[in-house]
Every structure is written in C-alpha cells, then in structure tokens.
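Report on the structure given below.
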Amino acid sequence: MMNDIDFMMEALKEAENALAKSEVPVGAVVVKDGEIIARGHNLRETLKDPTAHAEIIAIRESASHLGRWRLNDCTIYVTLEPCAMCAGAMILARIQRLVYGASDPKAGAVDSLMKILSDKRLNHQVEVVSGVLAKECGEILRDLFSSRRK
C-alpha cells in the first residue's frame, strides 16, 4: 500500500516532467482509494494559460475521470504549497485532503500568506499535511531558479 511519501514521489515525477518542458517544476497527483486517478504538472508556458497550474490540471482530470465535480473522497499531493487560485479550486472541488511538500513564502495560500483551506467562513475545509519531502520538493525549484540567475 502506498503512503504519503510514495505519492509525493509521484508528484515529484510530475514536477520533473514540467522541468523537461521548461516549466516551473511543480507536480501534482490526485489519489482516491489508494490509487492515482490523475496527474498534472505546470503547463502555463506551454499552453499560454495562467491557470494551467499542476493542481488545476490534476483536479480537472480527476473530475473527468470520476464523472463528477465533487472530489470529497480524494487527496491531492502537490510539491509546492498551493496559491490562492489552486487552494480555491480545492475548496470548490470539495477535496478531502491536501498533502504538500515545500512551503511557498511568496504565494502560498495554505499556511504561508493565507490559510484559505482552513477558513471556517467557507463552506468546506480541507485537511492539510505539510512538509512531506519538503527538502526534495524545494531543491528542484531552487535548482531551476539558481540556474536561471547564472
């Protein structure tokens, strides 16, 4: 049986797919009943679409796969703390649980800048586990931005 670390390793593979396409390396997988039902990685540059974040792509694929928009029995694994748009999409999709790797002090809307997923004023809250493979998830991003600065 796969666990949070195993699924985060799969999300890291998606981040590597993004990197291979010269995208910011963020990856996501959605899991239902212990099985990956959807994968996504950043495609903003490829698709020329500001909403083409890994999480949005994986959420859309999950809804299509299940034939419904409510993903209340799903967990999403993401290599980077989600932004406000992606956290909002998780609320709207009724995602049960989020597991993320690296924190994002500049745009993170789960723990860093805002706490959208735990806001009691909203009609749904998402269980959050943070820091799973944080070092590995952060390294792929640091390596990219360090190489771009050179």
For Leu122, is the CG atom crowded, meaning more than 12 foreign heavy atoms sit under 6.0 Å from it? yes
Give a yes-or-no answer on whether the side chains of Glu81 and Ser130 include a donor-acceptor pair shorter than 3.5 Å. no
Under 4.5 Å between any side-chain heavy atoms of Glu14 and Val78, yes or no? no
Salt-bridged, Arg97 to Asp4, with N to O below 4.0 Å? yes
With the side chain counted from C-beta on, respond yes when Leu43 and Asp49 share a heavy-atom pair under 4.5 Å apart, and no when they do not. no
Taking atom CE as the centre, does Met114 end up with more than 12 heavy-atom neighbours from other residues, nucleotides or ligands that are less than 6.0 angstrom away? yes
Between Cys74 and Val31, is any pair of side-chain heavy atoms under 4.5 Å apart? no
So Thr79 and Tyr100, do their side chains get closer than 4.5 Å, heavy atoms only? no
Same cluster or not: are Leu47 and Ile56 linked, directly or through other Ile, Leu, Val, Met, Phe, Trp or Tyr residues, by side-chain heavy atoms under 4.5 angstrom apart? no
For a 4.5 angstrom cut-off between non-hydrogen side-chain atoms, does Ser62 reach Ile95? no
Do any N or O atoms from the side chain of Asn42 and from the backbone of Ala54 form a donor-acceptor pair under 3.5 angstrom? yes
Ionic contact status for Glu10 with Arg39, cut-off 4.0 Å: yes
Identified side-chain hydrogen bond (donor to acceptor under 3.5 Å, both in side chains) partner of His41 from the options Glu23, Lys21, Glu16: Lys21
